[in-house]
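Encoded as structure tokens, the structure appears first; notes follow it.
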Amino acid sequence: MAFFNTRFWLLVSGTLFTAFTTISALTADFTVEARGYWADSLSDREAEIAAVVELVFTFHILALGLVNLAIGLLATDPLRARLGVVAMVAFFLSQFLSVGAAVQFGYDPGFPPIAFVIVGIPLVTLIACAVRWNSRPLGDA
């Protein structure tokens, strides 16, 4: 197996996004910690809104995980690679824009060690898909 196997990396990132967010949603992990992501002390109503913001982030990543799994399972190269680039760019843009906008209002999620995995795997997936952008489908001479 080549290191830049688009199917493998799309399935890994899709599984990571899907499993991580499903577990977080089922355990209410993000909603419990939502109050701590904001710089100011929050009223009860503001804490409820913060929990909703975290749920939106969580379910957005879940949807992207399902898209990655579908692309990895249903598409073939070079279409898989091209759709993978689009999905990974959409992931990075949506997360950076969302967090960047929220930071203006005091949002501070920090950067725990697990964030290196959460950012690293999609980055490798993006690189793998970009490298295989013009790959030939199997069977072509």
So do the side chains of Leu64 and Met88 get within less than 4.5 Å of each other, counting heavy atoms only?
-> no

Are any of the side-chain heavy atoms of Val103 and Asp108 separated by less than 4.5 Å?
-> no

Any Cys129 side-chain heavy atom under 4.5 Å of Phe4 side chain | no

In the single-linkage hydrophobic clustering (I, L, V, M, F, W, Y; side-chain heavy atoms under 4.5 Å), do Phe20 and Leu55 co-cluster?
-> no

State whether the side chain of Ser98 and the backbone N or O of Gln95 hold a donor-acceptor pair below 3.5 Å, judged by distance alone.
-> no

Is there side-chain contact between Leu62 and Phe59, with heavy atoms separated by less than 4.5 Å?
-> yes

How far apart are the closest heavy atoms of Ile61 and Phe91, and which atoms are they?
-> CG1-CE1, 4.4 Å

What one should report as the nearest heavy-atom pair of Val119 and Phe92 is O-CZ, 3.9 Å

Say whether, by atom type as modelled, one donor and one acceptor occur between the side chain of Arg82 and the main chain of Trp133 under 3.5 angstrom.
-> yes

Heavy atoms of Leu83 and Ala75 approach each other most closely as CD1-CB, 4.4 Å

Are Phe3 and Phe8 near enough that their ring centres are under 6.0 Å apart?
-> no

Under a single-linkage definition using a 4.5 Å side-chain heavy-atom cutoff for Ile, Leu, Val, Met, Phe, Trp and Tyr, are Leu123 and Leu11 assigned to the same hydrophobic cluster?
-> no

Can you find a pair of side-chain heavy atoms, one from Asp77 and one from Arg7, that are under 4.5 Å apart?
-> no

Ser13 (side chain) donor-acceptor with Leu10 (main chain) under 3.5 angstrom | yes

Donor-acceptor under 3.5 Å (Thr125 side chain, Trp9 main chain) = yes

Would you kindly confirm whether Val99 and Leu126 end up in one hydrophobic cluster when ILVMFWY residues are joined by side chain heavy atoms under 4.5 Å apart?
-> yes

In terms of heavy-atom contacts, Ala87 and Ile71 come closest through CB-CD1, 4.0 Å

Any idea which heavy atoms bring Phe17 and Ile118 closest together, and the distance?
-> CE2-O, 4.4 Å

hydrophobic_cluster_shared for Ile127 and Val117, side chain cutoff 4.5 Å = yes

Taking the side chain as C-beta and beyond, is there a heavy-atom pair between Val53 and Tyr37 under 4.5 Å?
-> no

Got a donor-acceptor contact below 3.5 angstrom from the Arg132 side chain to the Ala81 backbone?
-> no

Transitive ILVMFWY side-chain link Ile121 to Leu93, under 4.5 Å = yes

For the pair Gln104 (side chain) and Ala101 (backbone), establish whether a donor and an acceptor sit closer than 3.5 Å, ignoring hydrogens and angles.
-> no

